[in-house]
Every structure is written in C-alpha cells, then in structure tokens.
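Beneath this line is the structure, given in structure tokens, with notes to follow.
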Amino acid sequence: MSFRRPKIVIIGAGHTGATVALMVAQKQIGDIVLIDLPDFESAAKGKALDILQAGPIERFNVQVTATSNYQEIAHADIVVITAGIARKPGMTRQDLIHTNAAIVRTVSEQIKRYAPTSYVIVLSNPVDAMTYVCLEATGFPKNRVMGQSGVLDTARFNTFIAQALQLAVEDISSFVLGGHGDEMVPLVRYTYVGGIPLEKLMPQAQIEQLVERTRKGGGEIVALLGNGSAYYAPAAAIVQMIEAIVKDQRKVMPIITYLQGEYQVNNACIGVPVVLGGDGIESVIELHLNEEEQQAFNHSVHQVYQTLAYIK
Ligand SMILES: NC(=O)C1=CN([C@@H]2O[C@H](COP(=O)(O)OP(=O)(O)OC[C@H]3O[C@@H](n4cnc5c(N)ncnc54)[C@H](O)[C@@H]3O)[C@@H](O)[C@H]2O)C=CC1
Ligand SMILES: O=C([O-])CC(=O)C(=O)O
C-alpha cells in the first residue's frame, strides 16, 4: 500500500483561487494545482511559486504548481471552480450568468474527462445556477457536486452579530438558508450566542438590520473594493469545505446541493444544511420552518429558478 497527500485542484487562479491555494498550503491540507487559461498560465505559475516560497517561513510542506493543461488534474481528490468573471459596482450576480455559465460548462467537461472521481466545489457566480450547470455537465452524482454560499453568508451574519454585541465571534452559531442572493434567509430562530437565543440579547429591529446587511454583504464589499468582489472570506469558506471532505469531518454546514423534494424544492441547487464528510454531501438535514421562514425561503428559491431559466 502507498499513501499520498490529497490533491486539490483549483480552476481559476484569480483572487479567490490564489487565496484558496495559500490557505490550503498554510493548513497543509494537500498538494495544490492551479489551473487558468493559457494567456494567464504564466501569472498562475508566478502565484504558485510565490506561495511555495512562503513555505519555509510559514512552515508548510506541500507542492504548489500551476498549468493550463487539464491532463494535470488527473487523480484530483477535490476540484474547486473559481473560473469566471466577478461583478463590479452596479452589477448583480445574475449579470454574470451568460459568461460564467459558458465557462463553468467548459471547465466541468474537462473535470469529467480528466478527474472523473473528484468532488467538485463551485464558487463562480451566480453560484446556485453554476452548481446546477456543473452537476449537469459532469453527470457526477449529487453528493460529489456542491456550491459554496452558506458558509460565507453565515460567517458574515456571525461577524455582524459579534460586532454589534461586542462578544466573541466564535461563540455565535447561526446559519443561512436559500439562494446566494439578496433574498437569502438568515435563520434568526436558530441563532445562538453562547447557547442563548439571539432574540434574548438584541432588539428585533437591530436583528432585522443585521439580517439585511448579511443579505447584501457581498454587494457591500463590491462597492468598497470598486473593481471586483470579496475573496478572503470566500476562500476561507471553501477551505473549510475542502477540509470537511478530505478529513471526513462530518460537519453540519449550509451548502448548495441538488434538491429532489427536500424543503419542497425540486430540480434546483439551493443552500440548505447538510452533513459534509468523506463522501461529500452525505445527507440533507431537513428542518421544520415556520410560516414566515418558509415564505422567505420560497421567495429565495423563486429567484434561483428565475436565474436558472436564463440558461435552461
Ligand atoms: N459563491 C460565492 O460565495 C462567491 C463567488 N465568487 C465568484 O467567484 C468567481 C471568481 O471570483 P474572483 O476570483 O474574484 O475573480 P478573478 O477575476 O480574480 O479570477 C477569476 C479567474 O478565472 C480565470 N478564468 C476565466 N475563464 C477561465 C477558464 N475558462 N478556465 C480557467 N480559468 C478561467 C481568469 O483568468 C481569472 O484568473 C466570480 O464569478 C465571483 O463572482 C466570489 C466570491 C464569493
Ligand atoms: O458579491 C459577489 O459578487 C461575490 C459574492 O458572491 C460574495 O462576496 O458574496
């Protein structure tokens, strides 16, 4: 028997892709291959070498390479898709759909061909629809294709709560359901601070402000950056998902997954709580939503169906 480190492929060596690579290396999760278009191969190689040279200082010991040749993704354990364009101020995520659907479809066909047993995590926006495109183009089983939104959206909600209460962020536990758009559903009823329901610690009006800020959290950063979208927290979210799979952690996380009747959703990819472990999405956890939550969730799902309709 021989052992090897997990192989993590990141397609798109831009802001999020390179940041995922650095964080994966710092945590020594596995060897990394960055993939980008032939025109950006040299820049991707530069980033890979730069990350590698942080190893002696940060004390990590993994391989980091870059290429535009998909043959090099063979035997990937995890493939992360960050390829595509990011929005600029004034744009919605939906505005990216035609460009990114074509990119995600092409990339997914390469994954199917060269890394047919991999687990795929999609980040490219609009991410609920792009996860669907990837699932369709790879033909992989639904446990092996997932999208990132809820880990990031939940992290944003927790950050805002911690700031407002001036309490430790790691004591806050919450999660966000639904599509990755301004209609997402932070579940206040399931939000706790050190085991105490948030509603006991904060007035309703202030909670509503934080919910609204969370929903528009991506746009807030797009406006501040001026020429692109968030990448540090999104990369951290992806890395948490990679780690849950390669270390078989069986963590409960909000992840975009293909639903077939769960939460009354059929034939769409939406963010819901799942168990994420060594076999990818091992199960969906179905929660009872009250009427108000179900209505908000249905509204968010409706937006995702509308986005999907552009490309179906
Ligand atoms: N789901 C989420 O929570 C989040 C999603 N995003 C999305 O992730 C995507 C990437 O964002 P950034 O990294 O900031 O963008 P970026 O522009 O910095 O990087 C994108 C990279 O993809 C590459 N690329 C384009 N077409 C490609 C192809 N066919 N094959 C391989 N590589 C290709 C580009 O050359 C570029 O290096 C965007 O669509 C953005 O909206 C970003 C943050 C959070
Ligand atoms: O806002 C964007 O375009 C990028 C993204 O999805 C996020 O940061 O939540």
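Counting starts at 1 for both ligands and their atoms, following the listed order.
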Heavy atom of Ala230 under 4.0 Å from ligand 1? yes
Which residues satisfy the salt bridge (Lys or Arg N to Asp or Glu O under 4.0 Å) test with Lys251, sequence neighbours excluded? none
What do we get for Ile85 next to ligand 1 when only non-hydrogen atoms under 4.0 Å count, side chain, backbone, both or neither? backbone
Below 4.0 Å, non-hydrogen atoms only: which portion of Ala237 touches ligand 1? Side chain, backbone, both or neither. neither
Can you pull the salt bridge (Lys or Arg N to Asp or Glu O under 4.0 Å) pairs that have at least one residue in residues 275-290, sequence neighbours excluded? Arg250-Glu282
What do you reckon, does His180 have a nitrogen or oxygen under 3.5 Å from a nitrogen or oxygen of ligand 1? yes
With a cut-off of 4.0 Å, which atoms of ligand 1 are near a heavy atom of Ile103? 26 (N), 27 (C), 28 (C), 29 (N)
Arg144 meets the salt bridge (Lys or Arg N to Asp or Glu O under 4.0 Å) criterion, sequence neighbours left out, with none
With a cut-off of 4.0 Å, which atoms of ligand 1 are near a heavy atom of Pro234? 43 (C), 44 (C)
Atoms of ligand 1 under 4.0 Å from any heavy atom of Gly84, numbered from 1 in the order shown, are 20 (C), 22 (O), 24 (N), 25 (C)
Please work out, at 4.0 Å between heavy atoms, whether the side chain, the backbone, both, or neither of Thr16 comes within that distance of ligand 1. both
Mark up the atoms of ligand 1 that fall under 4.0 Å of a heavy atom belonging to Val127, in ascending order. 1 (N)
Within a distance under 4.0 Å of any heavy atom of Leu152, pick out the atoms of ligand 1 and give their elements. 3 (O)
So for Thr106, does at least one of its heavy atoms come nearer than 4.0 angstrom to any atom of ligand 1? no
Ignoring angles and geometry beyond distance, decide whether Asn125 reaches within less than 3.5 Å of ligand 1 through its nitrogen or oxygen atoms. yes
Please list, in number order, the atoms of ligand 1 under 4.0 Å from a heavy atom of Asn100. 39 (O)
Determine whether any heavy atom of Phe40 lies closer than 4.0 Å to an atom of ligand 1. yes
Can you name the residues that come within less than 4.0 Å of ligand 2, going by heavy atoms only? Arg87, Arg93, Asn125, Leu152, Arg156, His180, Gly218, Val222, Ser229, Ala230
